[in-house]
Structures are given as C-alpha cells and as structure tokens.
Amino acid sequence: MCYGDPAAMLSALLEAHPLEPNQNGHTLEDDFEHFCAYSGLSEKAVGPIAFAWAKLAYFNGTGPRPALQHGLTYDAFMSQLGMLLRDEPAGRVALLTDYAIAWWSGREIVFAYLRDEDPGQVDEEFNLDDCHWEEWKPRLIAWLAKPVFVDRPQVAEWRSDAPPFDAP
C-alpha cells in the first residue's frame with residue numbers, strides 16, 4: 001500500500017490512467033508544469049513532500065479539466081489561455097475578438113485593444129477585469145473551442161526588447 005506516499009500514489013494513478021494529450025496536444029503533465037510556472041509553485045519553494053501532494057491533487061482531480069464549459073471561471077480561462085500562448089512563438093498572438101488580442105510576455109498574459117482605424121496595429125493594453133470577463137465570457141469560451149492566432153511583428157519586437165525572465 002502506498003498510503004501517505006504521494007509519489008507512489010501518483011505512479012499508481014498514472015499506471016492505471018496513462019497520460020494522453022488533450023485537444024490542444026497537452027498532457028496533464030504539461031498542464032501542471034504550466035500551472036507551476038503561472039502560479040510560482042516549485043519544489044524549491046514548498047519542499048518535495050508538499051510539491052508531491054500538490055502534483056497528486058492536480059492529477060487526481062475528478063471530472064473534466066476546466067475547459068470549454070459554460071461554468072468556466074476567470075482563473076481557469078487565464079490558465080488555459082496562458083498554456084496555449086506559451087506554445088506560440090514571439091509575435092504570435094491570440095485574436096480573441098475583432099478588436100482585442102492577447103500574448104504571452106514571457107511572464108504573464110498581456111491583453112490589448114486593436115486600433116479602430118488600423119486593426120493591424122495595437123492601440124493600448126487593458127486588464128481583463130470583471131467587467132470585460134463577464135461581458136466577453138461567451139466569446140472567450142467560443143474562442144477556446146476554436147483558437148485563432150495571428151502574427152504581430154510589433155509584439156515580436158516588444159518581446160525581443162524585454163529583459164530576460166529570471167525564474168525563482
């Protein structure tokens with residue numbers, strides 16, 4: 001019996017249910033690594049036992065992963081969007097609406113409006129606050145079902161000018 005040993009319990013779980021890629025080509029291991037990068041969770045920060053328990057809990061969640069559900073939360077959306085964006089090259093952005101885009105800065109998700117007179121250019125950054133989230137939620141759920149990415153050389157230039165990210 002492996003009761004009390006999260007690493008052994010995870011091993012048994014994965015033996016019974018091997019990792020398979022989801023519709024975006026990511027496994028739960030990929031998702032967990034992104035969760036750690038996004039949240040700052042690391043074995044160094046919390047210790048090996050706490051980290052192993054957190055990983056077991058993440059992998060052992062029941063039901064579908066937060067994804068394309070009407071009950072999608074803001075945090076689940078941000079996690080899913082961040083996971084998708086981190087796989088895109090610098091300068092490739094999520095075209096969320098006709099007038100809003102998002103990209104991974106290397107540290108966080110950046111949201112921006114496009115210019116009315118020239119939708120090829122970024123106008124200004126914004127926060128996806130409660131107001132936008134509630135108003136745009138149906139559109140953002142639809143976007144997750146069929147993500148659209150476009151190249152924005154302007155964003156690629158900004159990312160190349162950014163200082164390197166030093167992980168904790």
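Because the structure is predicted, anything quoted here is derived from the model rather than measured.
In this structure, Asp31 and Tyr58 approach most closely via the heavy-atom pair CB-OH, 3.3 Å. The heavy-atom pair separating Gly82 from Ile109 by the smallest distance is N-CD1, 3.5 Å. Of all heavy-atom pairs spanning Leu95 and Val150, the tightest one is CD2-CG1, 4.2 Å. The shortest heavy-atom contact between Val148 and Trp143 is N-NE1, 3.1 Å. Listed here is the closest heavy atom pair of Glu43 and Pro48: OE2-CB, 3.2 Å. Counting all heavy atoms, side chain and backbone alike, Ala112 lies closest to Val122 at CB-CG1, 3.6 Å.
Annotation: side chain of Cys36 is in contact with side chain of Phe51 (closest heavy-atom distance under 4.5 Å). Side chains of Met78 and Thr73 form no contact here, defined as non-hydrogen atoms less than 4.5 Å apart. You'll find the side chain of Thr27 stays beyond 4.5 Å of the side chain of Phe32, heavy atoms only.
A distance of 10.0 Å separates CG of Leu28 from CG of Leu10, quoted to the nearest 0.5 Å. Taking CG of Leu84 as the start and CG of Leu81 as the end, the distance is 6.5 Å to the nearest 0.5 Å. Summarising the geometry, atom CZ belonging to Phe77 is positioned 4.0 Å from atom CG belonging to Leu140; distances are rounded to the nearest 0.5 Å. In this structure, CZ on Phe149 lies 12.0 Å from CD1 on Ile101, to the nearest 0.5 angstrom. Within the model, atoms CG of Asp87 and NE2 of His26 stand 4.0 Å from one another, a figure rounded to the nearest 0.5 Å. The CD atom of Glu117 lies 7.0 Å from the CG atom of Asp123; values are rounded to the nearest 0.5 Å.
With hydrogens and angles disregarded, no donor-acceptor distance shorter than 3.5 Å links the side chain of Ser11 to the backbone of Ala7.
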Practice problem: Could you check Leu114 against Arg152 for side-chain contact (heavy atoms from CB on, under 4.5 Å), going step by step and ending with a plain yes or no? | Solution: CA-CA 11 Å; Leu114 299 173; Arg152 298 283 178 174; 3.5 Å; yes

Exercise. Apply the test side-chain contact (heavy atoms from CB on, under 4.5 Å) to residues Glu108 and Trp103: give CA-CA distance (whole Å), side-chain angles for both, the deciding distance (0.1 Å), then the verdict.
Key: CA-CA 8 Å; Glu108 63 186 357; Trp103 66 88; over 6 Å; no

Practice problem: Kindly indicate, with the supporting measurements, whether the criterion side-chain contact (heavy atoms from CB on, under 4.5 Å) is fulfilled by Arg86 and Asp30. | Solution: CA-CA 11 Å; Arg86 74 155 196 254; Asp30 299 328; 3.9 Å; yes

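Within the structure, salt bridge (charged side-chain N to carboxylate O under 4.0 Å, His left out) pairs that include any residue of residues 93-105 do not occur (at least two apart or interchain).
Of the candidates Trp136, Phe126, Trp104, Phe126 is the only one forming a ring-ring contact (aromatic ring centres under 6.0 Å, His included) with Phe111.
Taken together through direct or relayed side-chain contacts under 4.5 Å among Ile, Leu, Val, Met, Phe, Trp and Tyr, Ile141 and Met83 form parts of separate hydrophobic clusters.
Applying the side-chain hydrogen bond (donor to acceptor under 3.5 Å, both in side chains) rule to Asp151 yields the partners Arg92; only residues at least two apart in sequence or on another chain are considered. Residues that satisfy the side-chain hydrogen bond (donor to acceptor under 3.5 Å, both in side chains) test with Glu29, not counting sequence neighbours, are Lys55.
Judged purely by distance below 3.5 Å, without hydrogens or angles, the side chains of His132 and Asp129 pair a donor atom with an acceptor atom.
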